[in-house]
Enquirer: 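I'd like to ask some things about the structure below.
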Amino acid sequence: MMATHRHSVWAMLFVARESEDAIRRFLMRDMGLRSGLLHQRLHVTVYHARRALAGLTDCEEPVALEIPAEDLRFMAMAPGGENPRPEIDPSRSHIGVRIRRTSSATEAIRGFRARFYPLETLDVVGIRRPSSHRRNAFGARHFQPHITLVRPNNGLDRDLKLIGTAFRAAIRGIRFDRFVVRYRSSIDSVMGATTVFGSVVKNP
């Protein structure tokens, strides 16, 4: 029987409910977006790996972190989307806010991320360069902390500075209240097994 082992680690800072509600009100009332276009369970992905990390277990802890609105910039969630590009139409892309490296929250975010660096052993990363404050061993090469807010086909103006200016006028900042780590594994078998997220059920 042939099987492919797949592992996924996610470490996330979750936006507090009152902050998420304020963002939703702004996007719906001020920007005229439908609720179906808005992402829920807003978060910053602090770390991601596509390998099992020894000793890692699911965990959740309370945090108290706030990012001032002036430290946020709207962007299209596409390669090069930090800056306006003629080939990127924000109305057809996911839209989010990136956290500037000069933000007062940067060191705290890096502190959560740095917890995982010692777990990236040679067996884990192989020939990859290990993760750092600016580089990912897995997924996108560069680490850019961000929050994805809006889905594609949103009708937003190509000039995201407009929504960014309005956002910073309406929202003082974004507060985070939970740090969550989730590890999942699956085995996709070509002979008689059904994959379930986090477990395997063998077919009779």
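Everything numeric here is computed off the predicted structure, so don't read it as measured data.
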Enquirer: Indicate the atoms forming the closest heavy-atom contact of Leu27 with Leu38, along with that distance.
Expert: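 The pair with the smallest heavy-atom distance is CD1-CD2, 3.7 Å.
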
Enquirer: Would you tell me whether Asp123 and Thr121 have side-chain atoms, one donor and one acceptor, within less than 3.5 Å of each other?
Expert: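 Short answer, no.
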
Enquirer: Is Arg175 paired with Glu20 through a side-chain N to carboxylate O contact shorter than 4.0 Å?
Expert: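 Here Glu20 does not pair with Arg175 in a salt bridge, since their nearest N and O are not under 4.0 Å apart.
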
Enquirer: With a 4.5 Å limit on heavy-atom distance, are the side chains of Val181 and Asp58 in contact?
Expert: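 Not in contact.
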
Enquirer: Is Asp177 close to Pro62 at the side-chain level, that is, under 4.5 Å between some pair of heavy atoms?
Expert: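 The answer is no, as the side chains (C-beta and beyond) never meet within the 4.5 Å cut-off.
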
Enquirer: Can you confirm whether or not the ring centre of Phe167 sits under 6.0 Å from the ring centre of Phe74?
Expert: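 Yes: the rings meet the under 6.0 Å criterion.
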
Enquirer: Counting C-beta onward and ignoring hydrogens, is there a side-chain heavy-atom pair between Val9 and Arg51 closer than 4.5 Å?
Expert: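 Not in contact.
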
Enquirer: Residues sharing Met77's hydrophobic cluster, by side-chain heavy-atom contacts under 4.5 Å among ILVMFWY, directly or via others?
Expert: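 Grouped by the 4.5 Å side-chain rule, Met75 form the rest of the cluster around Met77.
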
Enquirer: Using a 4.5 Å cut-off on heavy atoms from C-beta on, say whether the side chain of Phe143 contacts that of Thr45.
Expert: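 With C-beta onward as the side chain, the pair stays apart.
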
Enquirer: Could you check whether the rings of His94 and His39 sit parallel, tilted or perpendicular, using 30° and 60° as the cut-offs?
Expert: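 It falls in the tilted class, 30° to 60°.
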
Enquirer: Whether Arg25 and Asp30 form a salt bridge (side-chain N of Lys/Arg under 4.0 Å from carboxylate O of Asp/Glu) is what I want to check.
Expert: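 Looking at Arg25 together with Asp30, the answer is no, because their closest N to O distance does not fall below 4.0 Å.
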
Enquirer: Please determine if Glu120 and Arg135 form a salt bridge, counting it only when a charged side-chain N lies under 4.0 Å from a carboxylate O.
Expert: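 Salt bridge absent between Glu120 and Arg135.
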
Enquirer: Looking only at non-hydrogen atoms, find the nearest pair between Val44 and Pro145 and report the distance.
Expert: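 Heavy-atom minimum between the residues: CG1-CB, 4.0 Å.
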
Enquirer: Please enumerate all residues that pass side chain to side chain donor-acceptor pair (under 3.5 Å) together with Arg113, with sequence neighbours excluded.
Expert: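 Arg113: side chain to side chain donor-acceptor pair (under 3.5 Å) contacts with Tyr117, Asn136.
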
Enquirer: Once side chain to side chain donor-acceptor pair (under 3.5 Å) is applied, do any residues pair with Glu66, and if so which ones, sequence neighbours excluded?
Expert: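 Side chain to side chain donor-acceptor pair (under 3.5 Å) list for Glu66, sorted by chain: empty.
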
Enquirer: Between Arg178 and Glu60, is the closest basic N to carboxylate O distance under 4.0 Å?
Expert: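 Arg178 and Glu60: salt-bridged.
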
